[in-house]
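Atoms considered below: every heavy atom in the structure, side chains included; atoms not considered: hydrogens, waters and symmetry mates. Worth saying up front: this structure is predicted, and the values here are computed from it rather than measured. One-based numbering, in listed order, for ligands and for the atoms of each.
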Amino acid sequence: MLPEFSPHVSDLAPGRGALRPARSWLHSDAKSLSLNGSWRFRLSPTASASEDFAAEGFEDHGWDSIPVPAHWVLEGDGAYGHPIYTNIQFPFPIDPPYVPDENPTGDYRRTFDVPADWSDAERVVLRFDGVESLFRVWVNGVEIGGASGSRLAHEFDVTAAVRPGENVVAVRVHQWSAASYVEDQDQWWLPGIFRDVTLVARPAGGIEDVWLRTGFDDGRGRVEAEIAADATAFPVTLRIPELGVEQVWATPTDVTPVDIAAVEPWSAERPRLYDATVSTAAETVTLRVGFRTVEIRGDQFLVNGRRVVFHGVNRHETHPERGRVFDEAHAREDLALMKRFNVNAIRTSHYPPHPRLLDLADELGFWVILECDLETHGFDKVGWTGNPSDDPAWREAYLDRIERTVERDKNHPSIVIWSLGNEAGTGSNLAAMSAWVHARDAERPVHYEGDYTGEYTDVYSRMYASVLETEQIGTDGSRAPLLNCTPAQGARQRTRPFLLCEYAHAMGNGPGAFDQYEALVHEHPRLHGGFVWEWRDHGILATAPDGTPYYAYGGDFGEVIHDGNFVMDGMVLSDGSPTPSLYEFKAVVAPVDFAFDGDKLAITNLRHTADTSDLRFRWRVEHDGVPVDSGELEVPQVGAGDSGWVSLPSVAVSPDAETWLTIDAELARDTAWASEGHVVATAQLNRSVRRPVPGVRPRTGWRPGDGTLTLGIAEFVGGSLVRLGERAVAGPRLELFRAPTDNDKGAWGEVEESDASVSGVSNAELWLRDGLDRLTSRRVSVEQTEDALRTVDKVSAADSGLSVLVESVWSRESDGEVELRVEIQPSHGWKTVWPRIGVRFELPDGTAPVDGAEWFGLGPLESYPDSLRAARTGRFAAGIRDLSVEYARPQETGHRTAVRRLALTTGDTEVLRVEALPDTQGRRPGFTLSRHTPQEIARSGHPFELPDSTSSCLTVDAAQHGLGSRACGPDVWPAFALRPAARTIRLRITAPN
Ligand code: GAL
């Protein structure tokens with residue numbers, strides 16, 4: 001008899017009738033039948049619609065069809081409601097364990113045939129791999145049970161209910177349930193049967209479950225098997241053909257470990273897997289085993305005896321059209337992209353992914369922190385009153401969740417740490433989960449960030465700790481207080497390995513400071529790196545009123561409460577394009593480090609296990625970005641953790657051009673994730689001879705004038721530029737504003753270590769307060785000579801006493817060339833940081849609009865003072881659209897640092913050539929070329945809101961403010977914060993056409 005399943009969505013019991021213990025998701029030759037496909041579907045607005053749909057003979061012809069797996073809110077063009085995005089907020093009243101009567105409820109039905117050859121099955125099991133949030137199931141009108149735990153697998157024994165031939169399965173899914181209180185992750189709420197449904201024939205004498213625990217020690221491997229099978233199923237045979245293993249265990253008590261004399265270890269870098277089978281007479285299960293040993297020794301986390309450094313990302317399951325529905329090709333490409341960008345670790349934030357994802361992680365090679373489906377963050381709003389994590393009534397539900405998590409995925413070598421969940425406060429239920437894991441899997445450590453004081457977890461973990469704090473955690477002997485810890489608790493935490501389960505919030509343009517975090521990892525062995533928040537934007541493909549496709553975020557579906565674009569915080573955009581931050585990450589965490597010393601180059605292999613035999617090293621020399629020589633370096637094999645020295649090639653130094661030597665480490669062979677020649681690390685050495693910067697030629701004979709004159713290619717009316725060569729051009733106009741980035745708009749945290757900001761107030765707000773977006777100017781003077789023009793303007797904003805004086809001096813250098821020198825001098829009293837110090841030129845629509853740029857400077861992508869590591873010095877070209885990144889919410893983008901020469905182009909034709917001279921401190925300006933002004937960009941909430949434009953806007957910045965991570969993390973480090981300052985910009989301009 002089944003226990004009665006409570007129909008109440010407020011029931012805390014995780015499952016009625018769901019089989020326990022949970023078991024591994026195995027590849028077995030037992031027969032199975034996928035029930036994915038088209039189901040009949042009806043959506044009701046409340047949980048109380050009649051249950052008669054579950055009856056066998058119910059007439060469902062009038063119902064719609066829906067695919068399974070799918071989220072109903074992403075099907076039917078809005079006919080079934082819409083996604084809701086909240087971060088912490090509960091989208092329903094905080095009234096645990098109750099949820100509102102308005103509870104969208106999806107009823108599903110389909111028929112299936114039990115194949116005739118299933119008659120020998122001992123049992124028939126119906127498996128659901130993921131249903132959000134609570135479901136009940138009937139087969140042929142018989143209620144089988146129900147369960148919650150959206151991203152966990154549940155199996156039901158339906159043997160007694162099924163019959164040969166046609167059967168009917170009916171499923172009722174409630175969007176909200178008590179479980180929603182513990183599934184409050186920062187993501188879209190997406191109800192439905194969103195993972196596979198499978199009918200499984202369990203043979204008599206089959207293998208219910210198997211766990212092959214492997215170990216690796218000094219070249220030797222070990223397999224300890226745990227086999228759940230009836231005694232009558234024995235003998236059981238383990239085969240690992242490649243290793244010559246064929247082990248027969250006659251009885252359950254016989255199952256002794258197998259030692260193997262020589263195996264290759266598994267690591268994220270060399271994910272060596274061996275095919276294995278475990279068989280009885282009735283069933284064969286296929287696994288891929290990897291040999292590795294996980295341990296904590298002192299304050300270090302080791303795999304196979306070597307310290308692991310996580311260059312990780314937080315990965316949600318998200319797809320712009322399918323939501324959390326798994327798409328294997330998409331996931332594989334995502335993981336391959338990670339590998340190409342030097343990502344070596346994944347935290348499965350904040351729930352177990354589709355089980356296949358872990359097969360891919362084993363195969364491609366990632367260190368995985370596998371996280372349980374648990375978050376109660378919304379209780380923060382009520383001071384954590386009633387938090388399920390510390391309420392015994394929820395204990396069983398918590399234990400059920402962790403058991404299903406660990407049991408399902410325990411065989412994967414890639415999983416090296418179990419995580420109890422995310423942001424669920426703290427309490428005894430979490431401690432109980434941890435105890436359960438420790439008892440079940442003595443090897444893998446337990447992680448949970450919210451255990452600040454380390455009461456029940458094995459590693460010390462934090463999110464968004466600043467660089468300074470991270471350093472204090474890593475430093476031996478430091479007494480600096482740790483978050484929420486007494487000094488004694490802090491001392492305990494410092495005895496453990498530390499990781500940042502989240503850092504570097506990659507929302508919009510940013511983050512900065514990857515390199516500062518990375519530097520700490522090399523200084524302090526206790527620090528084991530971290531996981532960037534996060535891999536991918538969660539945008540949902542939608543259509544704007546004018547028909548333009550776009551990626552929707554919170555609020556775009558008319559949600560009652562939502563958290564806007566906080567769900568767009570990945571290093572990869574919703575359409576799959578890597579953002580510049582991913583390139584920066586790749587450069588910072590590159591597995592090979594180069595250090596130049598005279599004519600020598602030190603190559604350090606920073607990897608865990610792999611030597612450099614998979615790499616080759618190429619060099620090239622460029623003069624002002626033009627390749628003049630190249631070759632390959634002979635590099636002896638460098639072991640993991642070692643360095644090798646090689647001589648540099650002789651470099652032909654140019655007397656009148658910059659000479660740069662570039663070294664690339666690239667793949668010598670194709671891999672599963674990149675082709676031969678893929679570059680994994682790059683370094684540059686500047687071999688240029690110093691060349692004097694031409695001084696400003698003093699001019700005499702200045703007299704007041706009307707400013708209407710021509711200086712070679714430059715034409716002025718009333719002191720203002722109107723034309724350069726054939727082109728109408730206006731400017732320079734002082735530009736201090738940038739369209740605030742998400743980090744500029746952040747007001748996160750205290751600002752102890754950074755004087756760049758004001759506590760609790762975003763920089764963007766301060767900029768608007770000071771009127772940086774709405775500067776006006778008053779011409780103070782216009783003077784001219786035969787071949788020069790000088791204007792002074794006072795630039796300030798309405799209702800502000802602050803100002804900036806801008807002196808612009810134009811001089812004719814030759815028939816074809818003018819020089820512009822702009823002196824920017826702030827008044828006394830500016831208090832905030834500035835986003836930029838630049839001048840803007842407008843190039844209105846011409847017959848042939850400017851549509852691209854070629855430049856010699858840093859590139860190819862945008863860069864900012866605290867995100868410069870991916871940029872290299874060279875010659876680059878890009879179309880105007882490609883100079884900007886299409887962030888989900890338009891914002892500052894496109895700044896190219898340290899430009900030497902720039903040409904604006906129309907098709908293949910150069911329209912204007914600009915040479916940027918360094919200032920007396922050797923600083924060079926950067927440039928941005930865009931179709932829109934910062935003000936226009938700042939006014940747009942989505943790319944489709946930007947006005948149509950064919951004009952272009954060139955901003956030359958003496959300096960830009962850094963990026964920081966303040967959308968959720970520390971602000972710009974003081975060294976990279978832009979303080980108001982006097983700056984000079986010097987440009988030499990020619991107009992070829
Ligand atoms: C963390 C949380 C993540 C995400 C992130 C901000 O606090 O664990 O799920 O919300 O902040 O994007």
Where ligand 1 meets N422 - atom numbers and elements under 4.0 angstrom, heavy-atom basis: 2 (C), 8 (O), 9 (O)
For ligand 1, the portion of M463 having any non-hydrogen atom under 4.0 Å away: side chain
Parallel, tilted or perpendicular: ring planes of H377 versus W384, cut at 30 and 60 degrees: parallel
Numbered atoms and elements of ligand 1 in range of F566, under 4.0 angstrom, heavy atoms: 6 (C), 12 (O)
Donor-acceptor under 3.5 Å (D971 side chain, R966 main chain): no
For H82, the option from W72, W189, W188, F557 that meets ring-ring contact (aromatic ring centres under 6.0 Å, His included): F557
H71 ring center within less than 6.0 Å of F194 ring center: yes
Numbered atoms of ligand 1 (with element) below 4.0 Å of D569, judged on heavy atoms: 12 (O)
Aromatic ring pairing H316/H538, orientation class (parallel under 30°, perpendicular over 60°, tilted between): perpendicular
Parallel, tilted or perpendicular: ring planes of H961 versus W767, cut at 30 and 60 degrees: perpendicular
Region of I88 engaging ligand 1 - heavy atom pairs below 4.0 Å: neither
H350 neighbourhood, listing ligand 1 atoms whose heavy-atom distance to it stays under 4.0 Å: 3 (C), 8 (O), 9 (O)
Nearest neighbour in protein (non-hydrogen) for atom 5 (C) of ligand 1: Y464 OH, 3.3 Å
Protein contact to atom 7 (O) of ligand 1 [nearest heavy atom, distance to 0.1 Å]: E423 OE2, 2.5 Å
Side chain, backbone, both or neither: H505 near ligand 1, heavy atoms under 4.0 Å: side chain
Which residue and heavy atom of the protein sit nearest atom 4 (C) of ligand 1, plus the separation: D186 OD2, 3.1 Å
Near-ring test W176/F92, centroid separation under 6.0 angstrom: yes
Element-labelled atoms of ligand 1 that are located less than 4.0 Å from some non-hydrogen atom of N87: 10 (O)
F90 ring center near F379 ring center (under 6.0 Å): yes
Location of contacts on E502 toward ligand 1, heavy atoms closer than 4.0 Å: side chain
